[in-house]
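Here the structure is a predicted model, which means the values were calculated and not measured. In what follows, residues are counted from 1 in the order of the sequence shown. Counting starts at 1 for both ligands and their atoms, following the listed order.
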Amino acid sequence: MRSKIVAGNWKMNNDNKQTKALVKGIRKSIKKLPLNNTRVIVAPTFVNLSTAMKRAKKSTIEVVAQNMHQSKNGAFTGEISAEMLKSIGVKTVILGHSERRSLFGETDAILAEKVNAALENELEIIFCFGEQLADRKSENHFDVVKSQLENGLFHLEAISWNNIVLAYEPVWAIGTGETASPEQAQEMHAFIRKLLQEKYTTAVADTTSILYGGSVKPSNAEEIFSKKDVDGGLIGGASLKVEDFAAIIKAI
Ligand code: PGA
């Protein structure tokens with residue numbers, strides 16, 4: 001059975017004090033929830049990973065990184081490697097977020113290298129991808145998503161998919177307040193699952209969690225999560241407020 005996941009991508013938000021307060025708040029608000037097969041994840045900035053991990057200790061909250069560099073070490077000022085994340089106990093990393101792709105020039109080829117470096121260090125990956133508005137308008141969204149998956153992930157062996165979570169995030173829905181309709185999300189998720197089945201096996205397709213991301217909020221979470229191929233969400237803005245994030249977790 002694949003896991004349900006609610007993951008908060010904090011992006012470049014929350015200083016040290018705010019990180020402590022937010023983890024504490026989430027911890028308190030999910031304490032009594034029956035989270036059987038549901039993972040609750042937060043992704044703070046690099047500088048606050050250790051603080052968040054300390055505050056999340058002995059709770060079910062998982063603390064993950066938002067990014068990493070593909071190299072092991074070296075002259076890459078300002079970057080962090082998979083080895084470094086692993087050395088402080090991080091187990092999962094988000095790769096390929098649309099902001100990394102568009103603002104920091106991360107290409108499919110770079111992402112494939114990052115994927116390999118993460119897996120070599122036994123890090124689980126939450127791999128993000130999704131089409132631009134122009135792609136959807138020209139009805140190229142399925143092709144774009146297919147090529148992002150092929151270029152970033154389809155060089156992997158089936159076994160590696162035990163450590164991959166997918167996050168479909170249509171770029172036009174990220175931080176815009178505009179959400180893909182539950183039907184649009186389901187249609188794309190079913191397409192992705194079919195790609196996994198064709199490239200790999202039914203088992204890979206059935207056991208890979210596929211999250212939806214893009215303006216998920218308390219008011220729309222339940223409907224999106226009710227779709228059969230949507231296994232949870234990657235949440236930006238609404239993950240920064242305890243009440244909103246907790247409401248989204250409840251929705252799942
Ligand atoms: P949003 O961000 O929920 O603020 O749209 C989602 C994301 O970027 O992962």
Side-chain angles (χ1 to χ4, degrees), residues 3-14 18-19 22 25-26 38-46 48-49 52 61-68 92-106 111 114-115 118 124-133 135-136 141 144-145 148-149 152-153 164-182 184-185 188-189 192 209-225 227 230-252:
S3 315
K4 302 256 178 209
I5 299 174
V6 178
N9 174 12
W10 294 359
K11 310 191 179 185
M12 199 175 75
N13 292 296
N14 295 327
Q18 291 164 326
T19 296
L22 192 46
I26 297 167
T38 303
R39 297 169 63 188
V40 174
I41 292 176
V42 296
T45 57
F46 287 132
N48 289 312
L49 280 170
I61 302 169
E62 297 172 47
V63 178
V64 315
Q66 297 176 17
N67 180 35
M68 48 160 253
T92 304
V93 61
I94 297 172
L95 293 178
H97 189 276
S98 80
E99 285 144 25
R100 298 299 317 171
R101 291 176 189 259
S102 65
L103 303 175
F104 300 96
E106 293 192 9
L111 289 169
K114 290 193 178 204
V115 163
E124 178 193 45
I125 297 163
I126 299 176
F127 188 85
C128 307
F129 55 94
E131 82 282 359
Q132 306 273 346
L133 185 57
D135 302 322
R136 188 160 274 268
H141 46 298
V144 168
V145 160
Q148 287 172 327
L149 290 173
L153 294 172
I164 308 281
V165 169
L166 297 178
Y168 167 60
E169 300 204 297
V171 179
W172 48 273
I174 296 179
T176 58
E178 201 171 322
T179 324
S181 68
Q184 284 173 322
M188 184 58 88
H189 285 222
I192 295 162
S209 297
I210 309 176
L211 315 183
Y212 167 80
S215 300
V216 176
K217 36 189 186 260
S219 59
N220 60 24
E222 195 168 337
E223 210 187 341
I224 296 172
F225 295 162
K227 293 295 173 193
V230 178
D231 303 311
L234 183 57
I235 326 293
S239 72
L240 299 173
K241 276 203 212 130
V242 173
E243 310 78 59
D244 287 356
F245 194 55
I248 293 169
I249 297 166
K250 278 186 196 131
I252 212 164

**Prompt:** Any side-chain donor-acceptor pair under 3.5 Å between Trp10 and Gln66?
**Reply:** no
**Asked** Could you state the interatomic distance from CD (Gln148) to CG (Leu153), rounded to the nearest 0.5 Å?
**Response** 10.0 Å
**Asked** Taking Leu211 as the fixed residue, which of Val165, Ile235, Val230 is the one that meets the side chain to side chain contact (heavy atoms under 4.5 Å, CB included) rule?
**Response** Val165
**Prompt:** Using the ring of each side chain (for Trp, its six-membered ring), is Tyr168 parallel, tilted or perpendicular to Phe129, with breaks at 30° and 60°?
**Reply:** tilted
**Message:** Which protein residues come within less than 4.0 angstrom of ligand 1, counting heavy atoms only?
**Reply:** Asn9, Lys11, His97, Glu169, Ala173, Ile174, Gly175, Gly214, Ser215, Leu234, Ile235, Gly236, Gly237
**Message:** More than 12 heavy atoms of other residues, nucleotides or ligands under 6.0 Å from CD of Glu223: yes or no?
**Reply:** no
**Request:** May I ask you to decide whether Glu169 forms a salt bridge with Arg101, counting only side-chain N to carboxylate O separations under 4.0 Å?
**Result:** no
